[in-house]
There are 2 protein chains.
Amino acid sequence: MRSQGTSGLKDEIENEIIAGRFQPGERLDEVSLAERYGVSRTPIREALHALAASGLLEVRPHRGAIVADVSPDRLFEMFEVMAEMEALCAWRAARRMTEAEHRELDAAHAACGVAAQQGDSDQYYYENERFHFCIYEGSHNGFLAEQSKALHRRLQPYRRLQLRVRNRMTTSYREHGEIAAAIKSGNGEEAADRLRRHVLVQGERFADLVSSLRALKQPNPAEMV
Amino acid sequence: MRSQGTSGLKDEIENEIIAGRFQPGERLDEVSLAERYGVSRTPIREALHALAASGLLEVRPHRGAIVADVSPDRLFEMFEVMAEMEALCAWRAARRMTEAEHRELDAAHAACGVAAQQGDSDQYYYENERFHFCIYEGSHNGFLAEQSKALHRRLQPYRRLQLRVRNRMTTSYREHGEIAAAIKSGNGEEAADRLRRHVLVQGERFADLVSSLRALKQPNPAEMV
DNA sequence: GCAAGATTTTTTGTATACAAGTGCTCCCTA
DNA sequence: TAGGGAGCACTTGTATACAAAAAATCTTGC
């Protein structure tokens, strides 16, 4: 069954965690995972350490890996940082983007529009990433773009949860339009401010959502998606 | 000889890289490293992957790990991001720091002063970190503080190089004083701006330094320290 | 003499065996 | 009965053996 390399295994476990199949705080046994995926402990260990490096797990020496417990407070902190990073990207992008990049941004925005109109949240989820990545790349700071992408990916599962909320897609699409306009007009301050708010509102709403989910003693967020 | 756990091994290799014992682009052979440290390949592999996760190495499947080649451009990008992250920390810290944290900041600043006066760059290097970490923590955003610390650590070797430059310690100390004052007075904008510049100037100067070093075909930066 | 392909060699990736540390249970004692 | 400690089971950390893939070398045909 296992056809991919070691990185594929990491992705699989990552997906399991993101999907909520492993609950926060749960201990991940190496041998169980090894049996489950039909491999030995060695590649499992590598995947686990890689996931720990990206923050999804916490490994304590001789005590195994546990799924990182991302509290609502912590999550809000992460969205706060994401908002600032995106704002920085937008600010730079407004000054540095080329004409070709403007067109690519417009294309991504248009694709978001189609997805939103069709109410296809999975598609929107994908096109939304494309739109944001355009801005990251548009900053013309490779390191900033990479960091932004990494954090974006890290927050993706939570963001996905958000898109199901009533009217969120339409609102998001409208905000994208204003952001793209600000960037293309070279207004860095406005682009940064709009993008910052665009991300922050997700963070706030999502932190609330997680809080309420926990209050309802609903430990498995995957089933809410 | 090996008394520490696996994380100690990672630190040792990290130090070797930082010290410039392995040149950028150089391939790190697992068996050679294993022999060198008197362990088997297994812990070496773990350390290598961990270092790759933190960006010091680059691992390609079946092709081993090579020391990441951090170009001057790339380095400047990193300092640019660092500057913005620190500015964000300072902005938050100016609003959120407690009285106790103000005192800790002052203490760190005073320690920097002592080191600067004594011309002890190693000591200054240490106390400087303490000063900056105070601000990170003062942001009262745990995630932001962690990310900032990680990037700070990543840039540390280059920063260290910088401190030897004439008058850099004294200038740095003076800038610290202005930053601390802005934070304590609650002036977030000024604190952010001053800290941003404080970091950026290091980045600029350092990028120049690296460029000149490379132009002189001096591939081993450790010998310049 | 050169280039393309096959073979050999080297190095990484994986599996398994063993060592060592942690946490748990159970017993002993106060 | 409660607390503490010794022993035990279980899990992680490390070493070694083997498999597979990539790089290097050699051969062969033109």
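Order of the sequence lines fixes the chain letters, A, B, ..., with proteins taken first and strands second; residue numbering starts at 1 for each chain. As the structure is a computational prediction, the values presented were derived from the model and not from experiment.
When heavy atoms are screened at a 4.0 angstrom cut-off, B:Leu28 is found touching the sugar-phosphate backbone but no base atom.
A:Arg60 has its CZ atom 12 Å from the P atom of C:dT22, to the nearest Å. Atom NE2 of B:His62 is separated from atom P of C:dT12 by 11 Å (rounded to the nearest Å). The distance from atom CD1 of A:Ile66 to atom P of C:dT22 is 16 Å, rounded to the nearest whole Å. Counting to the nearest Å, the C1' atom of C:dT12 and the CG atom of B:Leu57 are 15 Å from each other. At whole-Å resolution of the value, CZ in A:Arg63 and P in D:dT12 are 12 Å apart. Rounded to an integer number of Å, the gap from CZ of A:Arg27 to C1' of D:dT11 is 6 Å. Rounded to a whole Å, the CD atom of B:Glu35 is 13 Å from the C1' atom of C:dT11. Remark: P of C:dG21 and CD of A:Glu30 are 17 Å apart, rounded to the nearest angstrom.
Closest approach to the B:Pro43 side chain among C:dA15, D:dT14, D:dT12 is made by D:dT14 (side chain taken as heavy atoms from C-beta onward). Side chain of A:Asp29, nearest nucleotide from D:dT11, C:dT12, C:dT16: D:dT11. The side chain of A:Ser40 lies closest to C:dT14, out of C:dG13, D:dA15, C:dT14. Closest to the A:Arg45 side chain, of the nucleotides D:dT12, D:dA22, C:dT12, is D:dT12.
Place B:Val31 and A:Arg41 on DNA chain C by their nearest nucleotides, and B:Val31 ends up nearer the 5' end.
Here the two rings, on B:Phe76 and B:Phe79, have centers that are 6.0 Å apart or farther.
Residues A:Glu137 and A:Lys149 are paired through a salt bridge, judged by an N-O separation under 4.0 Å between the basic side chain and the carboxylate.
For the pair A:Ile17 and A:Leu57, the minimum side-chain heavy-atom distance is below 4.5 Å. Looking at A:His49 and A:Arg45, their side chains come closer than 4.5 Å, going by heavy atoms from C-beta outward. In this structure the side chain of B:Arg154 reaches within 4.5 angstrom of the side chain of B:Leu56, judged on heavy atoms.
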